[in-house]
K.L.:
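So that we are looking at the same thing, I have put the structure below in C-alpha cells.
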Amino acid sequence: MSLLTVPFFLLEVRGYSKLYDHTSEGPGPWYNWAQFLFFFAFTDFGVYWIHRGLHHPRIYKHLHKAHHKWIMPTPYAAIAFHPVDGWAQSVPYHLFPLFFPMQKWAYVAAFFFVQIWTIMIHDGEYVANNPIINGSACHSVHHFAFNYNYGQYFTLWDRIGGSYRKPGEELFNKDSKMSSSTWSKQTKEADSMMKDIEGKDDRVYLTEDKKTQ
C-alpha cells in the first residue's frame with residue numbers, strides 16, 4: 001500500500017498540491033475548521049463509491065474478499081486488506097489536497113483520525129446508535145450482510161444509494177449481541193451471501209474439540 005501511495009506523496013512534497021503551511025496562506029481563519037468538514041464530506045463520498053465498486057462480483061473475489069474473511073470484524077481487521085484494495089479506498093484522501101486547499105498539520109491530523117476511526121468501526125463496541133453516524137454497529141452489518149453500509153463516516157450516501165441498513169437493537173445489548181443465537185443468525189446470512197458471490201466457501205472453521213484444547 002505504501003509503495004502505491006508514493007506517487008501521491010511525491011506530488012505533495014514537490015508542490016503540486018494545495019497544501020499550505022500557515023493560515024495566512026489559506027482561504028482565511030474561517031477555513032481552519034471548515035477544511036475538516038470539506039475533507040470528511042469529500043472522502044466519505046469517494047470511499048462510498050469505491051467501496052461499493054469493490055463489491056462488484058468481478059472485482060470482489062480478487063481484491064475485497066480478503067477483508068470479508070472477518071464475518072464479525074475485530075480491530076485487526078481494520079488493516080487486513082489486499083494492498084490494491086487498501087490503496088483504492090485511500091485514494092480520496094490523497095485527491096483532496098490536490099484539488100482543495102488544506103493546512104499541512106490539518107492534513108496530518110485528518111489522516112491520524114482516519115486510522116483511529118477505521119479501527120473503531122471494526123472494534124465491536126457498538127456505541128453510536130445514531131442514524132447519521134456510520135459507527136461500528138453499521139459496519140458490522142456490512143460485514144455479515146455484505147451489500148449494506150458502505151460508508152466510512154456517515155450514512156448519507158448509503159441512504160441516497162439505497163444501501164443503508166439500520167443495525168438491529170440486539171447489537172446494542174451486551175447480552176444479546178454476544179449470544180449464540182445472534183451470532184448464528186449473522187453467520188448464516190454471511191454464509192448465504194458468500195455462496196452467492198464466491199460459490200464454494202473456502203473458509204476453515206475450528207471444530208468444537210479444537211476450541212476446547
Side-chain angles (χ1 to χ4, degrees), residues 1 36 39-56 59-61 63-93 110-174 176-179 182-194 196-198 203:
M1 289 188 215
F36 290 105
F39 177 85
F40 291 121
F42 177 88
T43 56
D44 194 55
F45 170 81
V47 169
Y48 173 82
W49 289 107
I50 291 170
H51 189 184
R52 187 163 183 169
L54 287 163
H55 276 253
H56 189 283
I59 299 174
Y60 173 82
K61 295 180 184 179
L63 298 181
H64 200 51
K65 175 182 174 180
H67 184 63
H68 275 268
K69 289 291 183 179
W70 280 264
I71 297 173
M72 185 53 61
T74 75
Y76 295 103
I79 54 173
F81 286 96
H82 183 288
V84 176
D85 179 2
W87 171 82
Q89 294 193 63
S90 76
V91 166
Y93 302 114
F111 258 87
F112 179 79
F113 176 81
V114 167
Q115 298 305 315
I116 298 300
W117 182 263
T118 303
I119 293 171
M120 288 174 62
I121 63 174
H122 288 90
D123 68 4
E125 295 296 331
Y126 306 144
V127 177
N129 187 6
N130 187 295
I132 298 174
I133 302 298
N134 181 46
S136 58
C138 275
H139 197 69
S140 290
V141 170
H142 172 74
H143 272 257
F144 70 74
F146 194 77
N147 288 325
Y148 301 93
N149 302 349
Y150 299 104
Q152 180 78 342
Y153 312 108
F154 310 109
T155 62
L156 173 64
W157 292 107
D158 280 299
R159 291 177 182 278
I160 293 174
S163 56
Y164 175 67
R165 175 167 160 177
K166 182 181 179 181
E169 291 298 325
E170 71 275 5
L171 296 182
F172 297 96
N173 180 287
K174 185 176 181 180
S176 61
K177 88 167 187 176
M178 299 299 290
S179 69
T182 298
W183 282 41
S184 177
K185 178 182 176 182
Q186 294 170 351
T187 302
K188 286 180 180 178
E189 186 167 2
D191 284 347
S192 174
M193 290 304 305
M194 292 301 103
D196 289 343
I197 299 298
E198 301 176 10
R203 286 175 297 200

K.L.:
Mind listing the closest non-hydrogen atom pair of Gly161 and Tyr48 along with its distance?
P.N.:
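Minimum heavy-atom separation between Gly161 and Tyr48: CA-OH, 3.6 Å.
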K.L.:
Please examine the side chains of Phe144 and Val141, heavy atoms only from C-beta on, and report whether any two atoms are closer than 4.5 Å.
P.N.:
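Yes, at least one pair of side-chain atoms sits under 4.5 Å.
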K.L.:
Quick one: side-chain contact (heavy atoms from CB on, under 4.5 Å) partners of Pro131, sequence neighbours excluded?
P.N.:
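Here the qualifying residues are Arg159.
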K.L.:
Look at atom CD1 of Ile160 and say whether more than 12 heavy atoms of other residues, nucleotides or ligands are closer to it than 6.0 Å.
P.N.:
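Enclosed: over 12 neighbouring heavy atoms sit under 6.0 Å from CD1 of Ile160.
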K.L.:
Any side-chain donor paired with an acceptor under 3.5 Å for His122 and His139?
P.N.:
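His139 and His122 do have a side-chain donor-acceptor pair below 3.5 Å.
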K.L.:
Could you go through the side chain to side chain contact (heavy atoms under 4.5 Å, CB included) check for Tyr150 and Asp158 one step at a time?
P.N.:
CA-CA 7 Å; Tyr150 299 104; Asp158 280 299; 3.8 Å; yes
K.L.:
Using modelled atom types and a 3.5 Å cut-off, is there a donor and acceptor pairing between side-chain atoms of Asn149 and backbone atoms of His142?
P.N.:
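No, the answer is negative, given that no donor and acceptor are paired below the 3.5 Å cut-off.
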K.L.:
Are more than 12 heavy atoms from other residues, nucleotides or ligands located less than 6.0 Å from atom CZ of Phe111?
P.N.:
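Yes, the 6.0 Å shell around CZ holds more than 12 heavy atoms from other groups.
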K.L.:
Look at the side chain of His143 and the backbone N and O of Pro73, then say whether any donor-acceptor pair between them is shorter than 3.5 Å.
P.N.:
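No, because the side chain of His143 does not come within donor-acceptor range (under 3.5 Å) of the backbone of Pro73.
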K.L.:
Would you please say whether a donor-acceptor pair under 3.5 Å links the side chains of Asn134 and Thr155?
P.N.:
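No pair is found: no donor N or O on one side chain lies under 3.5 Å from an acceptor on the other.
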K.L.:
Enter the distance from Lys65:NZ to Ile59:CD1 here, rounded to the nearest 0.5 Å.
P.N.:
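Lys65 NZ to Ile59 CD1: 15.5 Å, rounded to 0.5 Å.
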K.L.:
Centre-to-centre under 6.0 Å for His64 and His55, is that the case here?
P.N.:
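Yes, the ring centres sit under 6.0 Å apart.
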K.L.:
Can you tell me how the ring of Phe146 sits relative to the ring of Tyr60, calling it parallel under 30°, perpendicular over 60° and tilted otherwise?
P.N.:
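The rings of Phe146 and Tyr60 stand perpendicular, inter-plane angle above 60°.
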K.L.:
Which atom names give the shortest non-hydrogen contact between Leu63 and Asp85, and what distance separates them?
P.N.:
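In this case the closest contact between Leu63 and Asp85 is O-OD2, 3.6 Å.
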K.L.:
For Trp49, check side-chain contact (heavy atoms from CB on, under 4.5 Å) against everything at least two apart and list the hits.
P.N.:
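Trp49 satisfies side-chain contact (heavy atoms from CB on, under 4.5 Å) with Phe45, Arg52, Trp157 only.
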K.L.:
Would you say that Val47 contacts Tyr153 through its side chain, given a criterion of any heavy-atom pair below 4.5 Å between the two side chains?
P.N.:
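A side-chain contact is absent here, since even the closest heavy-atom pair is not under 4.5 Å.
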K.L.:
Minimum heavy-atom separation for Ala145 and Arg165, please, with both atom names.
P.N.:
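Result for this residue pair: CB-NH1, 3.4 Å.
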K.L.:
Determine the minimum heavy-atom distance between Phe81 and Ala78, stating which atoms define it.
P.N.:
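Of all heavy-atom pairs spanning Phe81 and Ala78, the closest is CE1-O, 3.2 Å.
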K.L.:
What are the two closest heavy atoms between Cys138 and Ile133, and how far apart are they?
P.N.:
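Taking every non-hydrogen atom into account, SG-O, 4.1 Å.
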K.L.:
Could you walk me through whether His82 and His67 pass the side chain to side chain contact (heavy atoms under 4.5 Å, CB included) test, one step at a time?
P.N.:
CA-CA 7 Å; His82 183 288; His67 184 63; over 6 Å; no
K.L.:
Compare every heavy atom of Ala110 with every heavy atom of Phe39, then report the nearest pair and how far apart it is.
P.N.:
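The pair with the smallest heavy-atom distance is CE2-CB, 3.6 Å.
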K.L.:
Please check: side-chain N/O of Asp123 versus main-chain N/O of Pro75, any donor-acceptor pairing under 3.5 Å?
P.N.:
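No; judged by distance alone, with no hydrogens or angles, the pair does not exist.
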K.L.:
Taking the six-membered ring for Trp, are Phe40 and Phe113 ring centroids under 6.0 Å apart?
P.N.:
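Between Phe40 and Phe113, the centre distance is under 6.0 Å.
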K.L.:
Hey, what do you get for CD1 (Ile119) to CD1 (Ile79), rounding to the nearest 0.5 Å?
P.N.:
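Separation between the atoms: 7.5 Å.
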K.L.:
Quick one: does any side-chain atom of Trp117 pair with a main-chain N or O of Gln152 as donor and acceptor, under 3.5 Å?
P.N.:
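Present.
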